[in-house]
Amino acid sequence: ERKLLAALAACRPASVSVDSLAEALWATHPPTSAKKTVQTNVLRVRTKLGRTAIETIGDSYRLGNGLETDIERFERAVRQAAAATGRRTVCWDAALEWSGDAPLEELRHWAPADGRRAQLEELRLSAIEPRDRHGVSTVPVRVELAAQVGDDRTGQRLAQLDAELI
């Protein structure tokens with residue numbers, strides 16, 4: 001259910017086909033009952049979060065408008081931080097707003113989430129940068145981010161932040 005919601009959140013506001021959701025849930029080896037299992041997971045989410053949490057669009061699904069995700073809370077916090085006075089503290093709070101592992105980590109194998117994941121990683125770094133620039137140590141956080149993200153672009157961005165501090 002969590003992976004299903006993550007896949008729908010990664011593609012929001014677009015709808016996602018049942019076949020694509022099956023790929024998100026099981027990578028390259030979906031069971032023969034994948035379509036039925038996706039439908040069952042959608043039903044479980046609707047039972048827990050309300051009927052409008054997931055909308056049916058033909059043979060696809062999308063998150064309902066009334067459901068707010070971690071991604072949206074994080075993006076809102078970073079936008080608010082960018083507009084706030086006292087930016088140092090607020091930006092750091094926005095960076096910490098992300099709950100869990102690296103953004104959309106559970107969908108690392110699913111190509112439709114790649115762009116969204118990179119966008120969220122960049123946004124998280126942009127929230128951390130002001131803290132670096134104001135002399136507040138973020139070395140442990142940067143090391144943790146590099147380990148979680150593990151891609152060259154993020155490594156380059158962290159190296160740039162280190163160079164600016166020297």
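Values below: every heavy atom of this structure, side chains too, minus hydrogens, waters and symmetry copies.
Under the 4.5 Å side-chain criterion, counting only non-hydrogen atoms from C-beta, Asp19 is not in contact with Val38. For the pair Leu67 and Leu8, the minimum side-chain heavy-atom distance is 4.5 Å or more.
A pairwise comparison of heavy atoms in Leu104 and Arg116 identifies CD1-CG, 3.9 Å as the closest pair. For the residue pair Val18 and Lys35, the shortest heavy atom distance occurs at CG1-CG, 3.6 Å. Residues Ala10 and Ile71 come closest through the heavy atom pair N-CD1, 4.5 Å. Residues Ala6 and Glu106 approach most closely at CB-OE2, 3.3 Å, considering heavy atoms. Considering all non-hydrogen atoms of both residues, Ala9 and Thr69 come closest at CB-CG2, 3.9 Å.
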Donor-acceptor contacts under 3.5 Å from residues 47-54 side chains, at least two apart:
unit_1	atom_1	unit_2	atom_2	d
Thr47	OG1	Leu43	O	2.9
Lys48	NZ	Glu1	OE1	2.6

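For Glu23, the side chain to side chain contact (heavy atoms under 4.5 Å, CB included) partners at least two apart in sequence or on another chain are Trp110. Among residues two or more places apart in sequence or in another chain, the side chain to side chain contact (heavy atoms under 4.5 Å, CB included) test is passed with Glu68 by Glu72, Arg73, Arg76.
Here the side chain of Ser17 pairs a donor or acceptor atom with the backbone of Ser20 at under 3.5 angstrom. Counting only distance, with no hydrogens or angles, the side chain of Arg108 and the backbone of Ala113 share no donor-acceptor pair below 3.5 Å.
Here the CG atom belonging to Leu120 is positioned 6.5 Å from the CZ atom belonging to Phe74, to the nearest 0.5 angstrom. Note: Arg12 CZ to Asn65 CG = 6.5 Å, rounded to the nearest 0.5 Å. To the nearest 0.5 Å, atom OG1 of residue Thr56 and atom CD of residue Gln39 are 9.0 Å apart.
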Is there a side chain to side chain contact (heavy atoms under 4.5 Å, CB included) between Leu25 and Thr37? Walk through the geometry before answering. CA-CA 10 Å; Leu25 296 175; Thr37 304; 5.9 Å; no
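By the neighbour-count criterion of 12 heavy atoms within 6.0 Å, atom NZ of Lys3 is densely surrounded, having more than that number from other residues, nucleotides or ligands.
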